[in-house]
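Reading through the structure tokens given below for one structure.
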Amino acid sequence: MTPSIILKPGREKALNRRHPWIFSMAIKQVVGEPDLGQTIDVFDHQGKWLAKGAYSPQSQIRVRLWSFEPGEDIDGEFFIKRISQALAARQTLITNQQLTGYRLVAAESDYLPGITIDHYDNTLVCQLLSAGAEHNRHHIIAALEQLFPQHNIYDRSDVDVRKKEGLEKTQGPIKGELSEGLSIIEENGVKILVDIANGHKTGFYFDQRDNRRIAGAYCKDKTVLNCFSYTGTFGIYALKQGATHFTNVDLSQSALDIAKQNIEINQLDLAKVDFVQADVFKLLRKYREQGKTFDVIILDPPKFADNKSQLNGACRGYKDINMVAMQILNPGGTLLTYSCSGLMSADLFQKIVADAALDAKRDAQIIARLSQASDHPIASTFPEGFYLKGLALTVR
């Protein structure tokens, strides 16, 4: 008999709306002794069957739901179907933007909780972040091998969140080997170098693709400062659109070295680009003291809040960098500012930026709202899938 859980009265409401998570406090009883990541049935307190999900006894998210269809087995065919659906949903995007790099599977937002798969030319990179994903690793890899028989497969499940699921970090080749050196992907006619084994996330930030293109349009005949630049891809678009000078700032010298190579492989003018290894918070203040200003500033910081206890500190951090950035913008300049912290709501982020403008003693007008690229969809049943918020502002 398949192990199962029984929910407390009233806790089925979220499932009736097809939200994919069940928290530990919602569970009345565990029936049987499910293994870590094993598929279990979910019943309400009256014994009505609700869903199938993966059991994770060490996580506050105790069950991540695979299916709301009673006759659907969580097997190899299930993963082939779901991954095929994810690919089909992206096919127009892939064709229109000439993508060789994109997010193939966006976890809960593609109805595959805890599974992230990114496509880098001839390599698929997997992050299996939940107990259920790990338990079904063999099915997931077999599905990828069937759907992408010519591709290498590489594991980047080297993230701390796996500890919450009772899992060890893993990394390394699953099928084939990474080619020597950096991988090359293309988007919108732009070439981008990626360090799959050592780079952030699975190697790159596909979620900012649309925002890179949008940013370029603001940069013609402008001087641009790109903070937290990573491998400098905003700069490629800006220079292609006619930026007069571009400054990349990042703490990582290795990321800046790749940023330089990205300029070169796109045959752009290196003389128009500076690469500054520095702490952004300190450098912005240094520029303010020196009276150095820019026409456009891009703020794309890493996540400042991983949990609710860090949210207040994150608010202070976002306010600080936006305030100083506004102070070193030329009048009428453009600020492109982002938050990838899922716990930061769009309304709260806008309030923080508005408060930053007040403290900077500058007037700021929102001229565009920005979000994650469409290969990072937001399932209607999973609003938590919306995490990347951006604002374009004119600052006077």
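Salt-bridge check for R62 with E165: failed, with every basic side-chain N at 4.0 Å or more from each acidic carboxylate O.
Residues T394 and Q365 bring no donor and acceptor atom of their side chains to less than 3.5 Å of each other. Under 3.5 Å, the side chains of D250 and Q277 contain no donor-acceptor pair of N or O atoms. At a cut-off of 3.5 Å, with distance as the only test, no side-chain donor of D347 or Q350 sits close to an acceptor on the other residue. Checked by atom type, the side-chain pair S24/Q60 shows a donor-acceptor distance below 3.5 Å. Side-chain polar atoms of T100 and Y120 form no donor-acceptor pair below 3.5 angstrom. A side-chain donor-acceptor contact under 3.5 Å links E72 and S67.
For H19 and F382, the gap between ring centers is short of 6.0 Å.
Clustering ILVMFWY residues whenever any of their side-chain heavy atoms sit less than 4.5 angstrom apart, transitively, puts I265 in the very cluster that holds L182. Taking hydrophobic clusters as Ile, Leu, Val, Met, Phe, Trp and Tyr residues chained together by side-chain heavy-atom distances below 4.5 Å, L283 does not share a cluster with F234. Under a hydrophobic-cluster definition in which Ile, Leu, Val, Met, Phe, Trp and Tyr are linked whenever side-chain heavy atoms come within less than 4.5 Å, directly or via other members, Y287 and V395 are assigned to the same cluster. F275 and I298 fall within the same hydrophobic cluster, defined by Ile, Leu, Val, Met, Phe, Trp and Tyr side-chain heavy atoms under 4.5 Å apart, directly or through other members. Following chains of ILVMFWY side-chain contacts shorter than 4.5 Å, one cannot reach I184 starting from Y102, and the two form parts of different hydrophobic clusters.
Within a 6.0 Å sphere centred on NZ of K81, other residues, nucleotides and ligands contribute more than 12 heavy atoms. Atom CD of E168 sits in a sparse spot, with 12 or fewer heavy atoms from other residues, nucleotides or ligands closer than 6.0 Å.
Annotation: ring-ring contact (aromatic ring centres under 6.0 Å, His included) contacts of Y55 (sequence neighbours excluded): none. For the ring-ring contact (aromatic ring centres under 6.0 Å, His included) test, residues two or more places apart in sequence or in another chain that qualify with H151 are H119, F148.
Looking only at distances, a side-chain donor or acceptor of S157 sits under 3.5 Å from a matching main-chain atom of L128. In this structure, the side chain of N188 does not engage the main chain of V190 through any donor-acceptor pair within 3.5 Å. In this structure, the side chain of R82 does not engage the main chain of L112 through any donor-acceptor pair within 3.5 Å. For S252 (side chain) and A255 (main-chain N/O), a donor-acceptor pair under 3.5 Å exists by modelled atom type. A donor-acceptor contact shorter than 3.5 Å links the side chain of S130 to the backbone of A133. Between the K292 side chain and the L284 main chain, no donor and acceptor come within less than 3.5 Å of each other. Side-chain atoms of R90 come within 3.5 Å of backbone atoms of D375 as a donor-acceptor pair (strictly under, hydrogens ignored). The main-chain N or O of N262 is never found under 3.5 Å from a side-chain atom of K191 such that the two would form a donor-acceptor pair. No donor-acceptor pair closer than 3.5 Å links the side chain of R156 to the backbone N or O of V125. K389 contributes a side-chain N or O that, together with a main-chain N or O of M344, makes up a donor-acceptor pair within less than 3.5 Å.
A heavy-atom distance below 4.5 Å is found between the side chains of L348 and C315. Between V159 and K169 the shortest side-chain heavy-atom distance does not fall below 4.5 Å. In this structure, N16 and L50 have side chains that are in contact, with non-hydrogen atoms separated by less than 4.5 Å. At a threshold of 4.5 Å between non-hydrogen side-chain atoms, the residues V296 and L225 do not count as touching. The shortest side-chain heavy-atom distance between D257 and Q253 falls under the 4.5 Å cut-off. Here the side chains of L7 and L15 are in contact, with some heavy-atom distance below 4.5 Å. Between T231 and L193 the shortest side-chain heavy-atom distance does not fall below 4.5 Å. L391 places none of its side-chain heavy atoms less than 4.5 Å from the side chain of L370.
Distance check: F206 CZ to R103 CZ gives 8.0 Å after rounding to the nearest 0.5 Å. Between the CG atom of N266 and the CD1 atom of I236 there is a distance of 4.5 Å, given to the nearest 0.5 Å. We find the OH-CG distance between Y387 and L343 to be 14.0 Å, quoted to the nearest 0.5 Å. Taking SG of C126 as the start and CZ of R137 as the end, the distance is 8.0 Å to the nearest 0.5 Å. The distance from atom CG of D121 to atom CD1 of I196, rounded to the nearest 0.5 Å, is 8.5 Å.
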Solution key, residues 321-333 side-chain donor-acceptor pairs under 3.5 Å, sequence neighbours excluded:
{"from": "N322", "atom 1": "OD1", "to": "T337", "atom 2": "OG1", "distance (Å)": "2.7"}
{"from": "N322", "atom 1": "ND2", "to": "Y318", "atom 2": "O", "distance (Å)": "2.7"}
{"from": "Q327", "atom 1": "OE1", "to": "R288", "atom 2": "NH1", "distance (Å)": "2.6"}
{"from": "N330", "atom 1": "OD1", "to": "T293", "atom 2": "OG1", "distance (Å)": "2.7"}
{"from": "N330", "atom 1": "ND2", "to": "F294", "atom 2": "O", "distance (Å)": "3.4"}
{"from": "N330", "atom 1": "ND2", "to": "D295", "atom 2": "OD1", "distance (Å)": "2.8"}

Run the side-chain donor-acceptor check on residues 27-41: report pairs under 3.5 Å with partners two or more places apart or on a different chain.
{"from": "Q38", "atom 1": "OE1", "to": "D35", "atom 2": "N", "distance (Å)": "2.8"}
{"from": "D41", "atom 1": "OD1", "to": "W49", "atom 2": "NE1", "distance (Å)": "3.0"}

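Between R209 and A373 the shortest heavy-atom distance is NH1-CB, 3.6 Å. Residue P20 comes nearest to E108 through the heavy atom pair CG-CG, 3.8 Å, listed as atom of the first residue, atom of the second, then distance. The shortest heavy-atom contact between R64 and S59 is NH1-OG, 4.2 Å. Heavy atoms only, all atoms of each residue included: V224 and A243 are closest at CG2-CB, 4.2 Å. For the pair N226 and G235, the tightest heavy-atom approach, listed with the atom from each and the gap, is ND2-N, 4.5 Å. Of all non-hydrogen atoms in I80 and A143, the two that sit nearest each other are CG1-CB, 3.6 Å.
If you chain together ILVMFWY residues whose side-chain heavy atoms come under 4.5 Å of each other, Y230 ends up grouped with Y205. When hydrophobic residues (I, L, V, M, F, W, Y) are linked wherever their side-chain heavy atoms come within less than 4.5 Å, the members clustered with F386 are I378.
Put simply, the residue from L129, I140, L167, I115 that forms a side-chain contact (heavy atoms from CB on, under 4.5 Å) with E134 is L167.
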Run the side-chain contact (heavy atoms from CB on, under 4.5 Å) check on C227 and D300 step by step: do they pass?
CA-CA 6 Å; C227 301; D300 182 24; over 6 Å; no

side-chain hydrogen bond (donor to acceptor under 3.5 Å, both in side chains) between Q241 and Y218, worked out:
CA-CA 8 Å; Q241 290 294 318; Y218 291 104; over 6 Å; no

Determine, stepwise, if the pair K272 / L239 fulfils side-chain contact (heavy atoms from CB on, under 4.5 Å).
CA-CA 8 Å; K272 294 182 178 180; L239 291 169; 4.1 Å; yes

Apply the test side-chain contact (heavy atoms from CB on, under 4.5 Å) to residues T170 and D158: give CA-CA distance (whole Å), side-chain angles for both, the deciding distance (0.1 Å), then the verdict.
CA-CA 5 Å; T170 62; D158 56 338; over 6 Å; no

Given the rule in the side-chain contact (heavy atoms from CB on, under 4.5 Å) test, do Y111 and W66 qualify, once you have shown the distances and angles that lead to the verdict?
CA-CA 7 Å; Y111 313 104; W66 293 123; over 6 Å; no

